[in-house]
Protein chains: 2
Amino acid sequence: MGGVKDFGMDVTSRNDTVMDLEGDLEPKMAAPRAIPARPTMKDVAARAGVSLKTVSRVVNHEVGVSPELVTKVESAAAELDYRPDLTASNLRRSDRRTSTIGLMIEDVSNEFSSAVHAGVEDVARLHQVAVLGASVHEDPQRESDLVRALSSRRVDGLVLTPTAGDHAYLERERANGLPMVFVDRLPHGIDADCVLTDNAEGTRLAIEHLIALGHQRIAFMGGLSILDTATQRHQSFIDTMRQHHLPINPAWVVRNIKGTDEAEKVASGFFAESNQPTAIFAAQNMITMGVVRALKLAELQHHVALIGFDDFALADLLDPPVAVVAQDPRRMGQIAAELLFERIRDGKISEELHIVPSRLVIRQSGEIRPV
Amino acid sequence: MGGVKDFGMDVTSRNDTVMDLEGDLEPKMAAPRAIPARPTMKDVAARAGVSLKTVSRVVNHEVGVSPELVTKVESAAAELDYRPDLTASNLRRSDRRTSTIGLMIEDVSNEFSSAVHAGVEDVARLHQVAVLGASVHEDPQRESDLVRALSSRRVDGLVLTPTAGDHAYLERERANGLPMVFVDRLPHGIDADCVLTDNAEGTRLAIEHLIALGHQRIAFMGGLSILDTATQRHQSFIDTMRQHHLPINPAWVVRNIKGTDEAEKVASGFFAESNQPTAIFAAQNMITMGVVRALKLAELQHHVALIGFDDFALADLLDPPVAVVAQDPRRMGQIAAELLFERIRDGKISEELHIVPSRLVIRQSGEIRPV
DNA sequence: GGAAGTCCTGACAACGTTGTCAAGGTATGT
DNA sequence: ACATACCTTGACAACGTTGTCAGGACTTCC
């Protein structure tokens with residue numbers, strides 16, 4: 001249990017301030033400024049010569065206040081620069097909404113995540129709701145800490161990309177009235193609303209495109225298989241190859257690749273052998289970039305076909321431009337947020353699954369024919 | 001004036017719910033679930049058989065509670081899945097801190113902005129503070145709406161990238177106790193702490209590098225000159241050229257370029273003339289990308305030198321790799337956040353200016369010599 | 001002219017928590 | 001045994017706001 005933050009130090013320093021001002025004759029300037037008191041409704045009421053409640057009514061645009069008082073209150077509020085205090089308001093209001101939602105994504109600075117963020121923000125803005133964003137960095141501990149922190153801040157709901165761990169613990173949060181929608185990955189241990197890319201279909205499109213060009217020796221490079229996005233893409237690769245009766249060379253099916261550098265090494269490994277794949281399917285962003293590097297190094301970028309999963313900025317400016325299965329992360333964020341607001345509104349708990357289609361973006365690297 | 005959100009609809013629908021349950025005999029399932037009541041300290045106190053205040057003490061790790069009661073309270077809290085309510089806590093606490101700060105950046109999904117976001121988050125996490133992030137999209141109206149919204153949510157402070165407009169209005173917010181730090185751009189109409197890239201120095205480095213290679217015909221392509229980052233880069237370009245007694249061709253100094261497409265057009269315009277620049281300095285991210293496109297189209301990418309301001313992912317994978325003046329946006333976010341927490345702690349208002357150095361990242365496009 | 005209704009306004013409690021203070025218990029010193 | 005100090009605990013007010021309700025001024029109707 002325990003508080004979210006230890007305020008001990010702050011409190012002490014504040015007491016010190018008070019002592020300074022009362023106890024001795026140091027000039028006020030030397031002591032840290034007291035925290036300025038923000039004007040409250042009470043202040044506005046006093047200045048406008050009305051009751052507290054009337055100010056509340058004006059601020060909330062309730063009907064039935066005489067125009068005269070409305071202007072009086074409004075100008076008093078403007079003069080004082082009064083801002084309603086949402087934290088107090090939420091405490092009292094019957095619906096207890098904070099007009100704030102939490103967003104937990106892999107990393108705010110990663111291209112995919114921040115597109116999701118943008119999508120969530122699009123929708124949140126329409127609802128006049130603020131977004132508390134946080135990066136999980138694939139750390140289950142951090143994930144649950146963040147859920148705690150956001151829950152303590154009484155967010156109205158949560159959009160999150162689950163880490164690999166177990167998510168049964170979220171069941172209790174949800175039971176306590178915290179709606180949540182998952183994005184990009186299916187959570188484990190809880191049935192909940194979820195917005196996913198069509199990983200299987202996207203992969204199938206890419207592989208069949210390569211097959212249509214005549215490729216038979218296709219390598220698969222995948223990410224961490226604890227993530228089911230990675231697993232789905234891998235499975236779809238296997239299925240598609242089998243459906244087309246193509247051999248799968250186990251040496252060319254590498255999973256659990258982490259990061260650009262590792263991907264580069266793996267791809268370079270392929271090219272060092274006499275028996276080389278004629279096409280590579282890179283099942284994730286970072287992996288694609290690693291492969292691009294390796295191809296360039298081996299000067300094979302115009303000889304080995306490459307299709308990546310997930311689009312990235314400038315993919316079309318590389319030499320050759322890199323073909324990808326494009327997801328629509330912004331759309332995913334929008335859908336997730338819309339779904340969340342629906343749940344917040346009707347208070348229902350449900351387990352809807354939204355699949356956002358992925359599409360093959362044809363660029364030159366995907367048009368290279370086998371030698 | 002006015003409330004931040006109109007809760008009218010919600011209130012109505014809630015009344016409806018109550019009516020349903022009381023008024024007729026419909027099964028409960030059909031009506032929207034009532035909002036589940038989250039356990040409060042009172043519930044925990046009742047279950048543990050202690051007073052409210054004792055629970056408060058345990059939750060906040062105050063000393064002087066008997067170990068026996070501590071365990072009793074802790075297990076009661078765990079059984080109920082109690083979460084302290086920060087909004088109520090903040091309302092009562094003497095320091096009135098929400099442990100939340102606001103971050104207003106250009107666009108959460110833009111590479112530079114989200115790196116700043118990541119930097120702010122790095123520091124915020126150390127302080128156990130949550131970040132309310134929002135995109136301003138270069139809209140002054142939106143900016144001030146957001147400030148209002150964040151101020152109403154009683155954030156402890158603000159990190160923001162100011163738009164082009166006037167920021168005198170923020171003076172009043174600050175006077176009402178809202179500390180703020182600006183990033184990337186100097187605000188107008190208010191003296192405040194600010195974290196900036198060394199635009200002049202970075203530009204000088206780039207231009208002098210080109211000059212050292214023998215370039216004399218250097219074009220400048222800049223962004224919106226209402227932004228002073230753009231103005232500073234432009235001014236530094238002019239100064240550096242003058243210092244080296246090089247002619248400035250007005251036709252090659254284009255400012256106010258907006259977006260990739262426009263940049264591409266401008267650059268293509270250069271190449272259509274018989275008299276061409278031998279080097280281009282692109283003073284902003286998007287512009288650089290547009291130039292890359294234009295160069296490729298004109299097949300001049302190996303003949304005209306290019307240096308851009310601000311690094312971007314994959315710049316080193318392009319053909320040729322693109323030289324840039326690299327800023328350090330993540331570091332900027334970190335510094336801004338550190339500065340903000342300092343101000344929050346000591347309550348001081350000041351006008352410190354932090355210049356984060358930029359550095360020239362030499363890549364092939366910047367090594368092309370004039371013909 | 002009085003009863004009934006409408007409109008506008010304000011007093012007061014309450015939201016969930018923490019700060020303050022006092023009460024009761026135990027330990028210590030004489 | 002008594003006074004003193006300390007330690008632990010709880011009662012109560014308060015933070016800034018909104019929900020509830022009641023009261024006063026006016027209007028309307030018989």
Side-chain angles (χ1 to χ4, degrees), chain A residues 3-8 10-12 14-15 18 35 37-46 48-70 72-73 77 80 82-98 152-154, chain B residues 3-8 10-12 14-15 18 35 37-46 48-70 72-73 77 80 82-98 152-154:
Chain A
V4 169
K5 204 193 156 186
D6 178 11
F7 283 97
D10 292 332
V11 170
T12 308
R14 206 159 179 255
N15 286 345
V18 173
I35 296 167
R38 275 170 48 139
T40 70
M41 275 196 178
K42 212 163 136 190
D43 301 321
V44 178
V50 300
S51 81
L52 205 54
K53 182 66 210 189
T54 298
V55 177
S56 169
R57 278 192 262 260
V58 173
V59 166
N60 290 293
H61 297 125
E62 278 174 41
V63 292
V65 181
S66 70
E68 192 191 0
L69 286 195
V70 170
K72 244 200 234 171
V73 169
L80 293 174
Y82 169 74
R83 296 278 175 280
D85 186 330
L86 264 195
T87 68
S89 162
N90 292 319
L91 184 58
R92 188 57 181 89
R93 286 194 125 104
S94 45
D95 61 0
R96 298 281 347 238
R97 297 273 163 79
T98 52
S152 262
R153 283 183 179 75
R154 305 238 26 168
Chain B
V4 168
K5 206 191 153 185
D6 179 11
F7 285 97
D10 292 331
V11 170
T12 308
R14 213 171 170 242
N15 286 345
V18 173
I35 296 167
R38 274 170 48 137
T40 71
M41 275 196 178
K42 211 165 138 188
D43 302 322
V44 177
V50 299
S51 81
L52 203 54
K53 182 66 207 190
T54 297
V55 177
S56 169
R57 278 193 261 261
V58 173
V59 166
N60 290 293
H61 297 124
E62 278 175 41
V63 291
V65 181
S66 70
E68 193 192 359
L69 286 195
V70 170
K72 243 199 236 170
V73 169
L80 293 174
Y82 169 74
R83 296 276 174 282
D85 185 331
L86 264 196
T87 69
S89 162
N90 293 319
L91 185 58
R92 186 60 180 90
R93 285 195 126 104
S94 46
D95 61 0
R96 299 279 347 238
R97 297 275 161 77
T98 53
S152 263
R153 283 179 179 77
R154 303 239 27 167

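Order of the sequence lines sets the chain letters (A, B, ...), proteins ahead of strands, with each chain counted from 1.
Note on L69(B): only backbone sugar-phosphate atoms sit closer than 4.0 angstrom, heavy atoms only; bases stay farther off. Nucleic acid contact for T54(B): sugar-phosphate only, since backbone atoms but no base atoms lie under 4.0 Å from a heavy atom of the residue. Across all strands shown, T40(A) has heavy atoms under 4.0 Å from sugar-phosphate atoms exclusively, and none from any base.
Of the possible donor and acceptor atoms, one in the side chain of D43(B) sits under 3.5 Å from a partner among the backbone N and O of T40(B). The closest donor-acceptor contact from the side chain of S152(B) to the backbone of P84(A) lies under 3.5 Å.
What separates CZ of R57(A) from P of dT18(D) is a distance of 11 Å, to the nearest Å. Atoms CG (L91(A)) and P (dT18(D)) sit 11 Å apart, rounded to a whole Å. Look at CG on D43(B): it is 8 Å from P on dG16(C), rounded to the nearest Å. Here dT17(C) presents its P atom at 14 Å from CD of E62(B), a figure rounded to the nearest Å. The distance from atom NZ of K72(A) to atom P of dC8(C) is 15 Å, rounded to the nearest whole Å. As a whole-Å value, the separation of R97(B) CZ from dC15(D) C1' is 16 Å. The CZ atom of R96(B) sits 7 Å away from the C1' atom of dG16(D) (whole-angstrom rounding). In this structure, NZ of K53(A) is placed 18 Å from P of dC7(C), rounded to the nearest angstrom.
Mapping G64(B) and R154(B) onto DNA chain D by nearest heavy atom places G64(B) closer to the 5' end of the strand.
Closest non-hydrogen pair, R93(A) versus N60(A), comes out as NH2-OD1, 3.4 Å.
Comment: D85(B) engages R96(A) in a salt bridge, judged by a side-chain N to carboxylate O separation of less than 4.0 angstrom.
The phosphate of dT18(C) (OP1 or OP2) has a side-chain N or O of N60(B) nearer than 4.0 angstrom. Between R93(A) and dT18(D) there is a side-chain polar atom (N or O) within less than 4.0 angstrom of OP1 or OP2. The phosphate of dT17(D) (OP1 or OP2) has no side-chain N or O of S56(A) nearer than 4.0 angstrom. Look at S66(B) and you won't find any side-chain N or O under 4.0 angstrom from OP1 or OP2 of dC7(D).
Of the listed nucleotides (dG19(C), dT17(D), dG16(D)), dG19(C) has the atom at the smallest distance from the side chain of S94(B). In this structure, of dG16(C), dG10(C), dA14(C), it is dG10(C) that holds the atom nearest to the side chain of S51(A). Side-chain atoms of A88(A) lie closest to dG16(D) of the nucleotides dG19(C), dG16(D), dT8(D). The side chain of R92(A) sits closest to dT18(D) out of dT18(D), dT9(D), dT17(C). The side chain of V65(B) approaches dT9(D) more closely than any other nucleotide in the set dT18(D), dG16(C), dT9(D).
Just one of L91(A), T87(A), L86(A), N90(A) meets the side chain to side chain contact (heavy atoms under 4.5 Å, CB included) condition when paired with T98(A); it is N90(A).
Here OH of Y82(A) is found 9.0 Å from CZ of R38(A). Values are rounded to the nearest 0.5 Å.
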